[in-house]
Amino acid sequence: MMKVTVSRKAHFNAAHKLYRSDWTDEKNKQIFGKCSNKNFHGHNYELIVSLTGQVDPDTGYVFDIGKLKNIIKSEIEDYLDHKNLNLDIEEFSSLNPSAENIAILIYDRLIKYFKEKYKLKVVLYETPRNFVEYSG
Ligand code: NI
């Protein structure tokens, strides 16, 4: 059978800073640059969630995109949109909310819906030019 990848784009806005309190301000600035700004800053995150799997011969679908949209809405957008990632999201209370770590969190929240039958991939744009990819 044929394997096809279906993808859904989503969007959320969130604030963060990249900072280690066990480092000096100078070292934080040196390592994290502008993202270390103590008073936080926002990003317009663009997310692409992809599922690779067999085409169901009955429906012609790999996965119902409407269902995928609802899963992303409830698990990711409702959880992260308009949040301060450092302060509001438990996972980032002691972990830097870098694009890499956000992509892993998104994957971990979604994978339970797609185990076994599908290969899940998360692409997260922090800026139009900077993006990360995680697929487990
Ligand atoms: Ni940033």
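Bear in mind the structure is a predicted one, so any value in this text is a computation, not a measurement. Both counts, for ligands and for their atoms, begin at 1 and track the order of listing.
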One checks the Ni ion (ligand 1) and counts protein N, O or S atoms under 2.8 Å, reaching 4
Which word best sums up how the rings of Phe63 and Phe114 line up, parallel for under 30°, tilted for 30 to 60°, or perpendicular for over 60°?
perpendicular
Scan for side-chain hydrogen bond (donor to acceptor under 3.5 Å, both in side chains) pairs involving residues 48-58, sequence neighbours excluded, and state none if there are none.
Thr5-Thr52, Ser7-Ser50
Answer yes or no: are there more than 12 heavy-atom neighbours, outside Lys83 itself, under 6.0 Å from its atom NZ?
yes
Which label fits Phe32 and Trp23: parallel for a plane angle under 30°, tilted from 30 to 60°, or perpendicular past 60°?
parallel
Do Lys9 and Glu46 meet the salt-bridge criterion of a basic N to acidic O distance under 4.0 Å?
no
Close side-chain approach of Tyr79 to Ile76, heavy-atom, < 4.5 Å
no
